[in-house]
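First up is the structure itself, then whatever we jot down about it.
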Number of protein chains: 2
Amino acid sequence: MRKKRITIEDVALEAGVHASTVSRALNPGKRALVSDVVAARVAATAQRLGYTPDPVAAGLRTRRSATIGILIPDIANPLFPPILRGIEAALAEAGYTAIIANTDNDALRARDALERLAARRVDGVILATVSRRDPLLDRCRKLGLPVVLVNRSTGGGATSAVLTDDEAGAALAVRHLALLGHRAIGHVAGPQRLSTGAGRRSGFVAARRAVGGESGPPPIAEAASYGIEAGAHAAAALLAAHPRITAIVAANDLLALGCYDEARRRGLACPRDISITGFNDMPFADRFDPPLTTVRIAQRAMGVEAARLLLAEIENPRSPKREIKLQPELVVRGSTAQPRGPSLTVPRRSR
Amino acid sequence: MRKKRITIEDVALEAGVHASTVSRALNPGKRALVSDVVAARVAATAQRLGYTPDPVAAGLRTRRSATIGILIPDIANPLFPPILRGIEAALAEAGYTAIIANTDNDALRARDALERLAARRVDGVILATVSRRDPLLDRCRKLGLPVVLVNRSTGGGATSAVLTDDEAGAALAVRHLALLGHRAIGHVAGPQRLSTGAGRRSGFVAARRAVGGESGPPPIAEAASYGIEAGAHAAAALLAAHPRITAIVAANDLLALGCYDEARRRGLACPRDISITGFNDMPFADRFDPPLTTVRIAQRAMGVEAARLLLAEIENPRSPKREIKLQPELVVRGSTAQPRGPSLTVPRRSR
DNA sequence: TTGTAAGCGTTATCAT
DNA sequence: ATGATAACGCTTACAA
């Protein structure tokens, strides 16, 4: 005797009705089409028999899989798990399931992953990987796949997105440093092909001007990627070109860690000789040595909003594209302090 | 005109053959049943038309979804992403896709997630969540679902599993500390309902005896969970009961972080006044303050092996259950040092 | 070697 | 309000 799965037919037989009636009775949207008494009986027998509808079969008929795809660069990057948890929480409420694919920041792998998700007939995708002007978006459009971007966006606003106000975040960091008395503030920028890299950079430039930093072109070095090594390289270039810098605004926490390394290599103590700020407030940023002053972004909330937006677009493909910008918040820890020499104010510290 | 998806029928028409022939030509396992020339023609037209087989429809017929479910406690716990990457790498090779569910260490949520995965007709599951004697396993058996455990195991060995040699790992830590000259070594144990908690504890006890630690019952405090807070509480209890302790072996890195906190609270500098070791070597453990001496486990390899084991069991449900134990390795960093006072050897350091 | 036809479990459409 | 029927896209005996 081998495993026999219980189908809608079994329930129909047992309840003395037709399969289509069972389908209606069990389908929230159509329960109204069936008499209360029958609906109750069907529900009861389904329960008793331990019937679980087969979403695969249903999906074949309805062309909806109740599944959405998520593209992220790398799940091992601590920035993403909280976003994913947010997405999943919102999806679960609606009975949807997520399939996650890692792209390792590789356009080819991203393309590949997208095709695989499309082949699986996902109802929509959330992309955390896009660069500015990313071919992935055209591909989604061609596939008729609803899309929402999260964290990063493209140039054109023809796609819904949930983002951080990167300009404002960078400004937060700059103002904090300025308030501590820093005047020579540099920036280790993220890749400029990514919206976060570009946004934080322009936020830095604007804020620096606003707080009346030193004149001349802003001291900036662009990192090749959002990694520790890349951050160290950029910091090296920055400090070589601008030795008088007393503070660095890094475009994310990993780059900040790279700045730690380079500072140490040069015998510069942080924060005594140089202040460093990060961006994202990734998990364990408070455990670094020194604890990292950084700009906290609303990771989980971004995920939740992105999922909601996507579900809305799946529900109604003609719904207007929205772009939500979440405000970041400064978290002051131990990696920033007054510059050596005369200073004006005393900073508060928090954990 | 609305979106029209290309089906096997379209390819058949275009290639001048029957749909079943297309199916055979495109199915690696049955390509042999079709003449080379036809196979080539079919492949070409499929390519040209941009045909992608619908795995949902195929799955309906074959009762296989080419999907496997993964239950983990929490993806935000840095221990798991590397395991997941390993799993996914191995699955991708075989054309399988993973669906990940977080349980938050909650048996009810775990049960729920399992049912949802089963409803999705996953071909098998990998469980990273099991406690010793977990009802989830019976449920899987009842569902006829192939299972592989990863990282944690249950009591009985009726299930395949990929684990770390936890006893050996704990012994590594104890011997390292003993070599540094520590004699009063305590243990902040993980939850004893989890195999990792139990295994590391017994490894600690055995190794302590082997290195000739102080007589009397071993100084151990059990943490309620694998979290920082829980670690701090346990450390507090441990130090209160055994004030002369000069070193703590924590059952994982998060617990070690809790020990850091408690030590600091008591004005104990690590490693000067107290040495602390972790377990897992989670990402960024080298960035903690101080950098954590810990027992590194083969996270990615565990994932790869688990996936392989599962695929084998799916392939052949009667294949023997295997239990693979991977050997951990000690990573010496800055959280361990000779105890104050006379000592015997000088430790090496690595990053 | 290839075609025929049935069927996987569900839901949508059309009758009644 | 419910039943009958076809269809979703694919695979697989079985027939030719």
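The figures here come from the full heavy-atom set of this structure, side chains too, leaving out hydrogens, waters and symmetry mates. Below, read A as the first sequence line, B as the second, and so on, with proteins coming before strands; counting in each chain starts at 1. In this text, all values refer to a predicted model and were calculated from it rather than measured experimentally.
In this structure, the helix from C/dT1-D/dA16 to C/dT16-D/dA1 shows an angle of 40° between the axis at its start and the axis at its end, each fitted on 5 base pairs and rounded to 10°.
In this structure, A/L91 and A/L311 have side chains that are in contact, with non-hydrogen atoms separated by less than 4.5 Å. Between B/T159 and B/L137, the closest side-chain pair of non-hydrogen atoms falls below 4.5 Å.
As rounded to whole Å, 9 Å separates atom P of D/dG9 from atom CZ of A/R121. Straight-line distance from the CG atom of B/D10 to the C1' atom of D/dG9: 11 Å, rounded to whole Å.
Sorted by first then second residue, the salt bridge (charged side-chain N to carboxylate O under 4.0 Å, His left out) pairs that include residues 55-67 of chain B, not counting sequence neighbours, number zero. Listed by first and then second residue, the side chain to side chain donor-acceptor pair (under 3.5 Å) pairs that reach into residues 81-93 of chain A are A/R85-B/D74, A/R85-B/D104, A/E88-B/N102, sequence neighbours excluded. For residues 40-53 of chain B, the set of pairs meeting the salt bridge (charged side-chain N to carboxylate O under 4.0 Å, His left out) definition, not counting sequence neighbours, comprises B/E14-B/R48.
Atom CZ of A/R132 has more than 12 neighbouring heavy atoms from other residues, nucleotides or ligands inside a 6.0 Å radius.
Among residues two or more places apart in sequence or in another chain, the side-chain contact (heavy atoms from CB on, under 4.5 Å) test is passed with B/A306 by B/I126, B/V148, B/V150, B/V162. A/R139 is linked by a side chain to side chain donor-acceptor pair (under 3.5 Å) to A/E115, counting only residues two or more places apart in sequence or in another chain. With sequence neighbours left out, A/A40 forms a side-chain contact (heavy atoms from CB on, under 4.5 Å) with no residue at all. In this structure A/N105 satisfies the side chain to side chain donor-acceptor pair (under 3.5 Å) test with no other residue, sequence neighbours excluded. Partners of A/S65 according to the side chain to side chain donor-acceptor pair (under 3.5 Å) rule, which considers only residues two or more places apart in sequence or in another chain, are A/D123.
A salt bridge between A/D112 and A/R109 is absent, with no side-chain N of the basic residue lying under 4.0 Å from a carboxylate O of the acidic one.
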Item checked: Trace of the salt bridge (charged side-chain N to carboxylate O under 4.0 Å, His left out) decision for B/E313 with B/K321 -> CA-CA 8 Å; B/E313 289 198 16; B/K321 309 292 177 240; 3.5 Å; yes
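Using a 4.0 Å cutoff to heavy atoms of chain B, the contacted part of DNA chain C runs 5' to 3' from C/dT1 to C/dG9.
Within residues 13-29 of chain B, the residues having any heavy atom closer than 4.0 Å to DNA chain C are, in order of number, B/V17, B/H18, B/S20, B/T21, B/R24. Near DNA chain C, meaning a heavy atom under 4.0 Å away, the residues from residues 51-65 of chain B are B/L60, B/R61, B/R63.
Distances shorter than 4.0 Å separate some side-chain N or O of B/K30 from OP1 or OP2 on D/dT12.
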